[in-house]
Amino acid sequence: FTLIAGLCAASILRVNAPTGAKYGHFTWVVMLAIAQLSALLIFLPLPPTRQALLILVAFYVFTGVAISRLQRRISRRTLLEYGALAGIGLAIIGWVGR
């Protein structure tokens, strides 16, 4: 699963990276973050659907922040937007699971 996330991140970052930007390091960071989250979720008693949704939200946030950093447009506002989206996503995942 981690390899697939890494390949998807590489594809997304390559398309959105400015010409000549080195996106490989950001791909590794996203891939390792998803791997760590996946390893953590193994030990939590969550249904597989919730685990998959958590990984999806994390992938969206990590990739979005990496794209912003690659394009040198990262700011406090960008981080707040992705943090708010992550919070909303986690709230929806928690609400749907009840």
Side-chain angles (χ1 to χ4, degrees):
F1 182 75
T2 304
L3 181 62
I4 294 170
L7 291 173
C8 290
S11 174
I12 292 169
L13 292 173
R14 184 183 65 231
V15 168
N16 292 302
T19 305
K22 296 182 180 178
Y23 61 90
H25 300 323
F26 293 99
T27 300
W28 280 103
V29 169
V30 170
M31 188 168 71
L32 290 174
I34 295 298
Q36 289 292 314
L37 180 63
S38 300
L40 172 73
L41 290 176
I42 289 172
F43 298 106
L44 296 179
L46 294 174
T49 312
R50 286 175 119 181
Q51 290 181 2
L53 290 173
L54 284 171
I55 291 172
L56 180 66
V57 168
F59 179 79
Y60 176 77
V61 170
F62 293 145
T63 306
V65 170
I67 289 171
S68 296
R69 174 63 180 92
L70 267 174
Q71 295 175 346
R72 299 187 189 276
R73 294 184 187 168
I74 197 161
S75 64
R76 187 174 290 164
R77 180 177 181 236
T78 303
L79 293 176
L80 284 173
E81 286 178 11
Y82 280 106
L85 284 172
I88 291 169
L90 292 175
I92 291 173
I93 291 169
W95 179 67
V96 169
R98 291 184 178 206

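None of these values were measured; they are calculated from a predicted model.
Taking all atoms of both residues into account, the shortest heavy-atom contact from Y23 to A10 is CE1-O, 3.9 Å. I12 and T63 make their closest contact through CG2-CG2, 3.6 Å (heavy atoms, listed as atom of the first residue, atom of the second, distance). The two residues G6 and T27 have their closest heavy-atom pair at O-CG2, 3.4 Å. Closest approach of I34 and A5 over heavy atoms only: CG2-CB, 3.9 Å. Here the shortest heavy-atom pairing between A86 and V57 reads CA-CG1, 4.0 Å.
L41 places none of its side-chain heavy atoms less than 4.5 Å from the side chain of S38. Within the 4.5 Å cutoff, no side-chain heavy atoms of V65 are placed close to those of T78.
From S68, atom OG reaches atom CG of L79 across 8.0 Å, with rounding to the nearest 0.5 Å. One distance of note links OH of Y60 with CG of L85; it measures 5.0 Å at 0.5 Å rounding. With rounding to the nearest 0.5 Å, the separation of CG in L53 from CD1 in I92 is 10.0 Å.
Applying the salt bridge (Lys or Arg N to Asp or Glu O under 4.0 Å) test to residues at least two apart or on different chains, none of the pairs has a partner in residues 5-21. Residue pairs meeting the salt bridge (Lys or Arg N to Asp or Glu O under 4.0 Å) criterion with at least one partner in residues 59-78, sequence neighbours excluded, are R77-E81.
Outside the 6.0 Å centre-distance limit, the rings of Y82 and F62 are not counted as a close aromatic pair.
Following chains of ILVMFWY side-chain contacts shorter than 4.5 Å, one cannot reach L32 starting from L13, and the two form parts of different hydrophobic clusters. Linking Ile, Leu, Val, Met, Phe, Trp and Tyr residues whenever their side-chain heavy atoms come within less than 4.5 Å leaves V61 and L80 in two separate clusters. When the side chains of ILVMFWY residues are joined at heavy-atom separations under 4.5 Å, either directly or via intervening members, F59 and F26 end up in a single hydrophobic cluster. Residues V15 and V30 are members of separate hydrophobic clusters, defined by side-chain heavy-atom contacts under 4.5 angstrom among Ile, Leu, Val, Met, Phe, Trp and Tyr. L37 and M31 fall into different hydrophobic clusters, where Ile, Leu, Val, Met, Phe, Trp and Tyr are joined by side-chain heavy atoms under 4.5 Å apart, directly or via other members.
No side-chain donor-acceptor contact under 3.5 Å links Q51 to the backbone of I42.
The environment of CD1 in I4 is sparse: at most 12 heavy-atom neighbours from other residues, nucleotides or ligands sit within 6.0 Å.
Members clustered with V29: none, using a 4.5 Å side-chain heavy-atom cutoff among hydrophobic residues.
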